[in-house]
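Residue numbers begin at 1 in each chain, while the letters A, B, ... track the order of the sequences. Computed over heavy atoms, backbone and side chain alike; hydrogens, waters and symmetry mates excluded.
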Amino acid sequence: METRDKILDVANEQFTQLGVRYVTMDDIARAAGVSKKTIYQEFDDKGRLVYESFKRSMDNDQAFFEALHSEVSCPIEHFVLISKYIRSRFAKINPLVFSEIQRYYPESWKLFQDFRNNCAVRTITEVINSGKEKGYFRSEINADILALIRMDQISGIFDPSRFSPSEYNILDIQMTVMDHFIHGILTDKGRELFYKINNQD
DNA sequence: TACCGT
DNA sequence: AACGGT
């Protein structure tokens with residue numbers, strides 16, 4: 001269904017950039033070049049449209065993680081690429097959106113939390129375990145606990161009340177936190193490879 | 001597009 | 001008054 005995709009594209013772009021409550025159904029209809037009636041034929045109400053549009057982008061994220069998993073064999077490189085992807089992904093989302101859906105769209109909020117706590121955390125856990133097996137990450141670390149900690153770090157980076165956007169930029173925080181975290185889990189062998197990877201670009 | 005209810 | 005919904 002072509003129009004449904006178009007509506008979802010437009011809705012997702014406007015919601016993430018401007019905020020869910022700021023964007024009206026009239027705005028989306030106009031930008032998508034359809035009537036409001038067409039939107040309501042596809043989606044029961046605004047809450048469903050919000051839900052479906054976020055679900056769609058999280059399905060894309062999951063597909064991206066799965067592609068990385070099969071294409072990247074080096075756990076250190078894999079770890080860095082995941083961090084980069086999450087940063088670029090969150091950077092496009094107006095932080096306002098998170099508080100909005102938490103308050104006004106509980107189903108979408110639950111979807112987001114499930115994605116974070118299951119898909120994202122599991123992906124990080126797998127990479128840490130793979131690095132342990134290959135001797136790049138210290139064998140004594142607990143991958144489950146550290147994956148949760150890493151997830152909290154990544155979320156915290158984008159929380160404007162923790163890192164004021166006027167004082168820090170996302171890229172600097174991301175690099176600092178990522179560097180600190182990975183040094184805590186690298187073996188000597190892993191550290192060598194990490195430096196080699198960092199110096200080749 | 002005009003309109004109604006919140 | 002503005003916006004979701006018809």
Side-chain angles (χ1 to χ4, degrees), chain A residues 1-68 81-124 147-148 150-174 177:
Chain A
M1 189 147 294
E2 177 71 17
T3 59
R4 184 185 167 87
D5 285 342
K6 177 72 179 168
I7 294 165
L8 285 170
D9 278 348
V10 168
N12 196 269
E13 192 186 324
Q14 302 225 6
F15 286 152
T16 49
Q17 282 179 10
L18 303 167
V20 173
R21 276 160 67 80
Y22 181 85
V23 177
T24 70
M25 296 301 267
D26 284 304
D27 291 334
I28 294 166
R30 206 176 321 112
V34 300
S35 67
K36 271 206 290 182
K37 178 166 183 176
T38 306
I39 297 182
Y40 281 104
Q41 276 168 357
E42 296 290 340
F43 308 96
D44 287 347
D45 52 29
K46 188 178 182 181
R48 288 306 298 172
L49 179 56
V50 172
Y51 183 93
E52 299 288 341
S53 90
F54 283 117
K55 169 135 180 48
R56 200 151 160 273
S57 51
M58 285 184 240
D59 287 346
N60 281 336
D61 295 334
Q62 185 160 3
F64 181 85
F65 287 147
E66 279 161 16
L68 271 193
L81 288 172
I82 289 170
S83 299
K84 270 191 183 173
Y85 180 76
I86 296 178
R87 170 169 52 78
S88 68
R89 188 62 177 71
F90 274 67
K92 291 171 193 150
I93 302 177
N94 188 330
L96 177 71
V97 172
F98 297 111
S99 46
E100 281 181 326
I101 64 169
Q102 186 170 11
R103 198 173 290 175
Y104 302 107
Y105 298 92
E107 286 180 14
S108 297
W109 179 244
K110 187 176 182 305
L111 183 76
F112 172 71
Q113 283 182 310
D114 285 348
F115 173 78
R116 224 182 52 161
N117 298 331
N118 297 320
C119 178
V121 170
R122 191 180 310 120
T123 301
I124 297 171
L148 285 171
R150 179 68 187 135
M151 193 66 243
D152 284 345
Q153 285 184 341
I154 294 171
S155 306
I157 288 171
F158 298 94
D159 181 353
S161 66
R162 288 184 64 188
F163 293 102
S164 156
S166 59
E167 279 186 72
Y168 304 100
N169 77 68
I170 298 287
L171 186 60
D172 286 342
I173 311 167
Q174 156 87 17
V177 174

Quick check against the 3.5 Å criterion: does A/Asn94 have a side-chain atom that pairs as donor or acceptor with the backbone of A/Val97? no
Its 5'-most and 3'-most nucleotides having an atom under 4.0 Å from a non-hydrogen atom of chain A, DNA chain C is contacted over C/dC3 to C/dT6
Looking across every strand, which nucleic acid part, if any, lies under 4.0 Å from A/Lys37 by heavy atom: base, sugar-phosphate, or nothing? nothing
Between A/Asp59 and A/Lys55, does any side-chain N to carboxylate O distance fall below 4.0 Å? yes
A cation-pi test, strictly: NZ or CZ of A/Arg48 under 6.0 Å from the centre of the six-membered ring of A/Tyr51 and no more than 45 degrees from its axis. Yes or no? yes
Could you tell me whether A/Phe54 and A/Phe112 have their ring centroids closer than 6.0 angstrom? no
Polar side chain donor-acceptor pair, A/Gln153 to A/Arg150, under 3.5 angstrom: yes
